[in-house]
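Proteins get letters first, then strands, A, B, ... in listed order; numbering begins at 1 in each.
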Amino acid sequence: MSDVPMFRKVLIANRGEIALRMARACRELGIRTVAVYSTEDRDSAVVSYADEAVHIGPGPAKRSYLSIPAIIEAARLTGADAIHPGYGFLSENPDFAEVCQQEGIVFIGPPAEVIAALGDKCAARRLMAEAGLPILPGSHGPVRSAEEALETARRIGYPVIVKAAAGGGGRGMRVVYQDGELVSTVNNLYGEAQTLFGDARLYVERYVASTRHIEVQILCDSYGNGVHLGVRDCSVQRRHQKLLEESPAPRLSQSVIDRMGAASVAGARAIGYVGAGTFEFLVDGTDDFFFMEANCRIQVEHPVTEMVTGIDLGQEQLRIAAGGRLGIEQADVVNRGAAIECRINVEDPDRGFAPAPGRIEIFEVPSGPFVRVDTHGYPGYRMPAIYDPLLAKIITWAPDRDQAIARMQRALTEFRATGPGIRTTAGFLLGVLDSAEFRSGTHDTGLVGRLLDEPAAAGGTPVAGGTAVAGGTAVAGGTTVAGGGSTPATAAIQRAPAPLGS
Amino acid sequence: MSDVPMFRKVLIANRGEIALRMARACRELGIRTVAVYSTEDRDSAVVSYADEAVHIGPGPAKRSYLSIPAIIEAARLTGADAIHPGYGFLSENPDFAEVCQQEGIVFIGPPAEVIAALGDKCAARRLMAEAGLPILPGSHGPVRSAEEALETARRIGYPVIVKAAAGGGGRGMRVVYQDGELVSTVNNLYGEAQTLFGDARLYVERYVASTRHIEVQILCDSYGNGVHLGVRDCSVQRRHQKLLEESPAPRLSQSVIDRMGAASVAGARAIGYVGAGTFEFLVDGTDDFFFMEANCRIQVEHPVTEMVTGIDLGQEQLRIAAGGRLGIEQADVVNRGAAIECRINVEDPDRGFAPAPGRIEIFEVPSGPFVRVDTHGYPGYRMPAIYDPLLAKIITWAPDRDQAIARMQRALTEFRATGPGIRTTAGFLLGVLDSAEFRSGTHDTGLVGRLLDEPAAAGGTPVAGGTAVAGGTAVAGGTTVAGGGSTPATAAIQRAPAPLGS
Amino acid sequence: MTQNLAARNDPYSEPFPGAESAAAADLALVRQHAVELLAQLGRPPRNLHLQAGEASVDITWDEPGSPEPADRTLLTEVRAVEVRTSEAGQPPAADLAQAYLTSPGVGVFYHSREPGAAPFVSVGSLVQPGQQIGIIEAMKLMIPVEADRTGRICQVVKGNGEPVEYAEPLFALEPEEG
Amino acid sequence: MTQNLAARNDPYSEPFPGAESAAAADLALVRQHAVELLAQLGRPPRNLHLQAGEASVDITWDEPGSPEPADRTLLTEVRAVEVRTSEAGQPPAADLAQAYLTSPGVGVFYHSREPGAAPFVSVGSLVQPGQQIGIIEAMKLMIPVEADRTGRICQVVKGNGEPVEYAEPLFALEPEEG
């Protein structure tokens with residue numbers, strides 16, 4: 001990065017580990033920080049870590065982390081010159097990005113128009129197809145009737161998936177296996193999409209059963225420069241919830257990675273993308289890949305990319321938003337070794353991953369060589385029940401995947417979070433690491449379902465969406481955002497495992 | 001590394017952070033671990049971390065961590081097939097290495113003969129000169145009389161330093177500025193060396209006032225293969241105690257690094273070195289460098305090398321000792337970015353770095369992107385007064401030195417260790433990071449003295465030695481070891497700053 | 001800055017080791033509640049009985065004794081909470097609700113409808129639930145602030161034109177009987 | 001040694017010594033809770049009752065006891081030592097010094113000078129300071145073990161040929177009055 005004026009003070013419009021992570025990035029760049037918090041989060045780590053903290057509302061996110069007026073006022077009152085939205089909450093809300101601009105506050109993310117365009121799955125599909133990205137066969141835009149859907153399905157072949165243009169994260173989607181089901185499904189889904197998202201538009205795509213979820217991290221500055229930082233494999237999911245991510249994707253050839261990366265940068269340039277972003281692809285076991293959607297925020301799993309590239313994505317977001325030029329070209333990006341992230345959620349794997357929050361009495365995190373922990377937890381921290389269950393991200397790096405796995409096993413055994421009612425996913429993740437399928441890198445998004453012997457999430461189930469990183473129920477029903485609340489829609493239904501035996 | 005039989009069970013004959021660090025390396029390699037502990041250390045972290053733990057003696061190191069019979073018996077009783085000696089204590093004791101061999105237990109380190117040869121500073125100097133390493137002008141072996149010393153001094157020019165062959169770490173050394181002082185100094189030092197080390201041999205070398213302490217990390221297998229992993233700059237020292245280390249060395253050209261590295265590997269091969277080792281050099285501000293001594297152990301500061309190379313030195317030690325071949329050649333070693341280590345000692349910088357141990361009530365360590373912490377501390381841990389004051393090592397990495405410094409500043413502000421009587425060096429280290437001299441990378445070993453406005457340690461003061469990593473007073477007077485106890489002698493007196501104004 | 005504690009057995013947060021059976025776990029809980037309750041009690045008691053299922057704690061004292069709890073762990077915890085709230089510059093939430101009318105949002109607080117106009121309320125004013133007591137300007141919108149209960153204003157805490165956070169005290173209120 | 005080394009790394013197992021049955025385990029826990037609770041209470045009570053399932057502890061004091069609670073640091077230390085030694089399957093250190101003759105080193109413990117020979121001591125033996133009570137073999141050296149005080153052997157804790165760690169009990173000793 002060349003020398004540019006840097007922000008003086010940044011407000012972090014988020015909570016949990018990502019708020020702390022961004023406060024660290026700011027501190028390393030000499031930027032003062034403003035934390036905002038709900039009453040529920042008054043004892044949170046970032047409140048004491050930040051230089052200033054503003055109480056913006058009560059626990060429910062709608063009145064705090066999703067309240068545009070509260071956050072804008074907090075920024076004005078503290079004199080913050082930029083807002084980092086984190087992930088979830090307002091991070092992909094084009095209205096919020098626009099309000100920031102109107103108020104003369106820099107929104108750290110892509111322009112509002114870009115967020116709006118990419119938030120509309122139908123538009124994103126069309127735009128990226130125009131930019132040359134491979135997409136799954138399907139309708140050329142919304143299908144205006146059940147008959148048009150039928151034509152499309154017959155043209156591309158069954159099974160197909162019918163999706164709401166404004167949907168995401170597993171909501172507003174159905175898999176259809178034959179003509180007979182299609183008309184009624186489409187007609188029902190029109191109503192559902194209108195009700196859920198206020199937008200009845202639907203489109204039809206080929207459905208692929210066994211798939212991997214691979215995403216490309218990109219960085220673009222506001223001068224038209226862009227690079228990709230390689231891929232992440234996020235196929236270890238339970239009902240569209242990512243549990244473990246890694247970089248690079250195992251058994252994916254460098255030439256495929258290069259092609260996906262180049263396609264992503266081309267797509268980002270075509271749409272005028274600025275900042276850090278993610279292009280999601282469906283990979284079906286061959287060397288083919290298909291664009292699914294683009295995410296306009298920092299991702300929960302960004303650390304694995306940081307570990308293999310050495311590039312601090314949080315800092316890069318700040319530099320780019322402050323008007324900096326990308327200091328690197330594609331040839332400068334060298335991916336070294338392998339990194340894995342395990343998400344430690346306060347959930348009980350023995351009870352269907354039911355939320356298991358509470359007061360954490362003992363909290364011990366791993367450390368030592370090549371282990372990184374991003375967490376807002378501390379001994380005595382009361383994990384709120386009304387937000388996301390993510391307590392900690394444990395990241396390990398090693399020269400190769402096998403060693404990164406061994407290191408993660410070591411790290412997970414060092415992790416401890418206990419307290420009345422507290423359960424975590426740490427033990428379950430050890431089981432994933434132990435599974436032959438994962439170790440061989442041959443797994444797809446059906447792995448967790450098979451390990452749990454759970455019926456896979458079928459097309460029609462409205463499952464809580466995507467990474468569901470921030471807010472959980474609080475996020476649903478947020479402010480007027482393309483995509484229905486600000487729920488990040490990182491997992492499209494095609495990546496849901498097919499019913500066992502199908 | 002190619003596939004080789006790995007140890008089944010390793011006994012770690014050490015304490016503190018390095019014992020935990022090696023237990024982690026073992027766990028990642030699937031090796032069972034045996035911790036040994038003194039009564040003083042019965043609540044230490046590694047005792048609960050290891051698979052087994054054996055109480056080997058009371059607090060004083062002479063009866064526990066320096067007791068060869070206690071450690072050998074512990075290994076035999078637990079069926080350990082190898083012993084890792086850590087640093088300090090028995091790590092550079094050739095007798096111990098030999099006893100291990102006799103007992104059929106693998107000593108994880110170089111062969112006993114190599115340790116013995118390198119422990120004799122006079123022999124090491126001769127051997128390395130023969131191997132082509134540049135050495136400071138001086139006597140060709142021990143000086144047999146004050147007259148011979150006088151001849152040597154006149155030949156090489158004043159100031160000179162007179163050193164005990166068996167000395168190290170600042171003990172048994174005198175700087176002499178003119179003929180008049182030399183004869184009496186030499187005669188006094190003969191007696192002192194005999195008393196301190198049981199070895200009266202002395203040698204004479206040119207004394208260089210403003211110097212940097214640069215060391216090369218090497219790795220050699222038992223098949224004659226060797227690589228170097230770049231350099232560490234350890235010039236931030238107070239009275240031969242390293243406080244902060246970094247890699248690479250600032251303002252040292254790559255060609256000098258390459259030459260130092262190649263010379264070190266040549267020296268190591270010449271002497272039949274096996275394992276991880278360090279070659280120390282004096283660098284005098286020009287591009288010249290001079291071999292000082294070689295250390296036959298893992299160093300406290302090894303993590304900075306790990307962070308820039310991605311190579312786990314602890315694991316490599318284990319693999320090499322188990323008979324593995326080096327899996328890398330010199331061309332495979334790529335040093336990326338910059339890493340800094342800060343040693344957090346329980347010492348009070350406001351009281352001349354007096355020991356400030358006690359019970360740690362609040363213990364918070366930094367985490368997040370590119371921050372590593374190696375520590376045996378935990379909330380409630382009672383830091384013993386009779387051992388080394390090292391509580392934690394904080395290591396940061398970044399693409400360049402400036403960013404690594406900024407990250408270290410962030411990390412140090414996150415560190416907290418409080419309790420009755422507890423003081424740490426964290427705040428002082430922030431001051432070092434802030435100093436213009438350090439930031440510009442133009443500092444030498446006199447930096448800390450200048451910052452503290454302390455009279456620099458003059459040649460004659462018998463200061464506690466080197467990294468003084470393990471045992472402190474307990475180490476002094478250990479078992480029969482070349483070098484007088486097992487005190488590691490990482491800092492030779494030439495690196496002591498000259499008296500101010502001289 | 002209490003995040004990210006590394007390492008092991010924190011004796012402060014592990015006061016009840018070895019909770020192996022359900023009953024033992026219950027006892028640990030009962031005990032913790034007993035200690036916390038003692039710290040919360042204004043006056044030292046003579047008898048204390050806590051029971052949860054099969055676990056119970058009973059303590060009897062001779063004299064009420066000194067009111068200060070000796071447990072340092074407890075003190076530390078309590079102090080931590082105090083520090084935290086004082087860091088946020090606010091009195092404890094429980095007091096707030098009772099003694100103050102607080103801000104319903106973030107913005108700039110105004111005492112009157114427009115510059116120069118009479119304030120909605122002042123010291124001595126009797127307020128009723130739903131009565132407007134001020135305005136908060138947020139994103140150029142003027143949002144009326146209303147009293148949520150009956151009482152008499154006894155102090156103006158937040159000045160006209162001052163910025164306020166959510167839940168900050170605006171006015172101190174004396175409860176008004178009948 | 002073998003049993004001492006077992007299950008080192010289980011963070012959840014911190015049982016009291018001899019916690020073999022469930023009831024015994026519960027009792028040990030209740031006892032531990034009682035001790036810890038007493039340390040936390042600022043004022044010494046007259047009665048204390050703790051119950052967990054079928055296990056309970058009742059204590060009554062005549063006097064509330066010394067008004068100042070024992071030094072907390074000390075209590076913590078003692079507790080820490082107790083926990084640790086119980087992990088190692090050993091009686092508390094304070095008891096050790098009084099009740100046991102312990103090993104001065106690591107090695108294999110022998111009762112007699114050579115196989116078949118009479119043991120140096122056995123149950124009922126009266127020992128004097130400096131009297132040899134066994135041998136520890138370490139690195140093929142035979143190191144005599146001596147009693148450090150007067151007493152009568154009441155139990156042989158460590159069998160002939162068994163491995164021992166430093167400070168492990170070898171024999172239980174009854175103090176012998178003049």
Practice task
Could you have a look at A:Arg407, A:Lys393, A:Met307 and say which one has the most heavy-atom pairs with chain B under 4.5 angstrom?
Solution key: A:Arg407

Exercise for the section: To the nearest 0.5 Å, tell me how far A:Arg410 CZ sits from B:Tyr49 OH. Expected result: 5.0 Å

Problem - Salt-bridge present (B:Arg24, A:Glu414; N to O < 4.0 Å) - result: yes

Practice task
Determine whether more than 12 heavy atoms belonging to other residues, nucleotides or ligands lie under 6.0 Å from atom CD of A:Glu329.
Solution key: no

Practice task
Find the one option among B:Gln409, B:Arg21, B:Glu306, B:Arg336 whose heavy-atom pairs under 4.5 Å with chain A are most numerous.
Solution key: B:Arg336

Practice task
Grab the two heavy atoms, one from A:Gly310 and one from B:Pro399, that are nearest each other, plus how far apart they are.
Solution key: O-CG, 3.7 Å

Problem - Interface moiety of A:Gln315 toward chain B, non-hydrogen atoms closer than 4.5 Å - result: side chain

Handout entry: Region of B:Pro303 in contact with chain A, defined by heavy-atom distances below 4.5 Å
Key = neither

Problem - Contact check, side chains of B:Asp312 and A:Gln403, non-hydrogen atoms, under 4.5 Å - result: no

Problem - Distance in Å, B:Ile405 CD1 paired with A:Glu28 CD, rounded so as to fall on 0.5 Å steps - result: 12.5 Å

